[in-house]
Visitor: 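This structure is in structure tokens; I'll ask about it shortly.
Start at 1 and go down the list; that is how both ligands and their atoms are numbered. FYI, the numbering just counts along the sequence from 1. All values derive from a computational prediction rather than experimental measurement.
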Amino acid sequence: MRSFLGRDILSLKGFGREEFFRVFEAADELAPFARDRRNTDLLKDKTLVTAFYQPSTRTRLAHEAAMHRLGGHVTGFADVKNTRAGDFYQESIKDTVRMLEFYGDVLVMRHFQQGAPHEAARWASIPVINAGDGWGEHPTQVLTDMYTILTEKGTLDGLNFLLIGDMRMRTMHSISYAMTQFDINAFYVSPPEMSLTEDFKKELVDLSLNFKEIEHVEQAIAEADVIYMEPVVQPDYTKQRDERKGAVGDTPENYRVTKELLRKARQDAIVLHSLPRMDELPPEVDDTRHQRYWVEAFNGVVVRMALLALVLGAME
Ligand code: CP
């Protein structure tokens, strides 16, 4: 297994099965601090730099909360308009990162351009963590998803995943790579204009993922152990900001998970959603036994604690 020390976390492509389990073991070890709302001093000499070129609630604050729990420090920006990268100068990633690398010990970046964190990693002497790049990938979200599935199901093997929504989404790419490391059958259902691309499907075939595209959720709902969702009413992830102007459309019934649909699901099926949600996941599901997206709020901090501790060498 490759060492995590000093490593960039940019993609889950090539992230090995043992590496998933190492992150999850570290998360288990650190979870009691978060559960008891205690801080430790594991990273007391380290600083996290956050560079968020796109809006975020969960990803940025979960990384920051994780760093605080580990006794470290946090600096960074959440509104690029107030930096030189977002005003008249449009400062390049290279020039920005060659400054930021001296402001801390690890950089967490979200960007509207696919590959931007990879570009940052080319220039940074500190580890770079991809917090979502355009339609590209969202590795830390999917590590949180997989950790949640492991803790809820006790295994990541022998499971059926039903993936519903916009398959252009960065989470859908990262979870597809993650599934290739386990004995998982995947069923994808999406509007035709948001389906998996031919190139990506070829990659998944080459990576030996057992998957099938289906037309209707009803074709797989009864078999699903994990129902993994993203909206189909989406902003444009290639934009820095995509503010809502007027009414947005409703989600077609086939891409919604309702209480009524869940009556056809296994009793122990779990619903995950990276959030934020639109109308594809009505609040009525929140109180069902299937809901695990609020569990992810806690796990999101714990998994980021594990990643920060590993890449900064506080855990091996
Ligand atoms: N799940 C997720 O990436 O949420 P944020 O956009 O709020 O970070």
Visitor: Looking only at side chains, do T148 and Y293 share a donor and an acceptor under 3.5 Å apart?
Guide: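 Not at all, the side chains of T148 and Y293 share no donor-acceptor pair under 3.5 Å.
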Visitor: Looking only at heavy atoms, what is the nearest atom pair of E137 and L12, with distance?
Guide: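 Smallest heavy-atom distance, with atoms named: OE1-N, 2.9 Å.
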Visitor: Can you find a side-chain donor-acceptor pair between Y147 and D28 that sits under 3.5 Å?
Guide: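 Yes, side-chain donor-acceptor contact under 3.5 Å.
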Visitor: Relative to the heavy atoms of T59, which atoms of ligand 1 are at a distance of less than 4.0 Å?
Guide: 2 (C), 3 (O), 4 (O), 5 (P), 8 (O)
Visitor: Provide, to 0.1 Å, the distance between atom 1 (N) of ligand 1 and the closest protein heavy atom, together with that atom's residue and name.
Guide: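 Looking only at protein heavy atoms, the one closest to atom 1 (N) of ligand 1 is S274 O, 2.9 Å.
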Visitor: How far is atom 7 (O) of ligand 1 from its nearest protein heavy atom, and which residue and atom is that?
Guide: T57 N, 2.7 Å
Visitor: Hey, is Q54 one of the residues with a heavy atom under 4.0 angstrom from ligand 1?
Guide: no
Visitor: Please check whether L275 reaches ligand 1 - meaning an N/O of the residue sits under 3.5 Å from an N/O of the ligand, judged on distance alone.
Guide: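 Yes: some nitrogen or oxygen of L275 is under 3.5 Å from one in ligand 1.
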Visitor: Just to check, does H138 reach to within less than 4.0 Å of ligand 1 when the distance is taken from its heavy atoms?
Guide: yes
Visitor: Do me a favour and list the nearest non-hydrogen protein atom to atom 4 (O) of ligand 1 with residue, atom name and distance?
Guide: R58 NE, 2.9 Å
Visitor: Can you list the steps and then say if K13 with E203 is a salt bridge (charged side-chain N to carboxylate O under 4.0 Å, His left out)?
Guide: CA-CA 10 Å; K13 186 174 181 180; E203 255 192 89; 2.7 Å; yes
Visitor: Taking atom CD of E193 as the centre, does the number of heavy atoms from other residues, nucleotides or ligands within less than 6.0 Å exceed 12?
Guide: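 Above 12, so yes.
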Visitor: Determine whether the side chains of T171 and E230 contain a donor N or O and an acceptor N or O closer than 3.5 Å.
Guide: yes
Visitor: For atom 6 (O) of ligand 1, which protein heavy atom lies nearest, and how many Å away is it?
Guide: R110 NH1, 2.9 Å
